[in-house]
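Report on one structure; see the data block that follows.
None of these values were measured; they are calculated from a predicted model.
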Amino acid sequence: MDMGGGHDMGGMMAPPPSPPGGGGGGMGMRMRYTHMTFFWGKNSEILFTGWPGADGGMYALALVAVLALAFVLEFLGSRRLDALLPRAAAGGRRRAAAAGAARAAVHALRVGGAYLLMLSLMSFNGGVLLVAVAGHAAGFLAFKAGLFGDGRAQVEDGCSKEELETAAC
């Protein structure tokens, strides 16, 4: 079938129009539009279908949850928490296994939280992006840049800026 541009569509036709009322053939399904570009506004879905929806209070709660998650993720990756976890070198095999299990559990929490934060950012809401960055910045300030930490900024690979040497890390 020629559509006027010289392209043959091979007999394909446009789908029939939807019935009135938005029904999907009587199945009771409703069509939703998901944003694929950043947008501003409180009408969004973050992590769960219908949440926070169009309610401004629930949107504010979602932003607080995203901020808190980013803040906690910075704590889970900080030296302060690392110092609180038991070391594998002190003690026998059981103590080493328990220390390794504790560190693995913290790592699993950190990775799981990071994936949840990434999924919330995939709502493409500009407010969610801003509070996620603010949460990471506040967590970095609190736990890695000296507020509760040791005063030395921690680089992502685990070395501090003062400890960096040529190819040391």
* Asked: If you round to the nearest 0.5 Å, how far is CD of Glu74 from CZ of Phe143?
  -> 9.0 Å
* Verify, without hydrogens or angle tests, whether Lys144 (side chain) and Ser78 (backbone) share a donor-acceptor contact under 3.5 angstrom. => no
* Kindly indicate whether the side chain of Leu61, heavy atoms from C-beta on, has any atom under 4.5 Å from the side chain of Pro52. =>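 In short, these two side chains do not touch, never coming nearer than 4.5 Å.
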Suppose we screen for side-chain contact (heavy atoms from CB on, under 4.5 Å). Which residues come up paired with [X], at least two apart in sequence or across chains?
X: Val111; result: His107, Tyr115
X: Leu117; result: Val66, Leu69, Ala70, Leu73, Ser120, Ala132, His136
X: Val106; result: Leu76, Leu81, Leu85
X: Leu130; result: Trp40

* Asked: Under the 4.5 Å side-chain heavy-atom rule for ILVMFWY, direct or indirect, which residues accompany Val64?
  ->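 Under the 4.5 Å side-chain rule, Val64 groups with nothing.
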On a heavy-atom basis, which atom in [X] and which in [Y] lie closest, and how many Å separate them?
X: Leu47; Y: Leu116; answer: CD2-O, 3.6 Å
X: Leu67; Y: Val131; answer: CD1-O, 3.4 Å
X: Ala54; Y: Lys42; answer: O-NZ, 2.6 Å
X: Ser123; Y: Glu45; answer: CB-O, 3.3 Å

* State, without any angle test, whether Asn43 and Tyr59 hold a side-chain donor-acceptor pair at a distance under 3.5 Å. => no
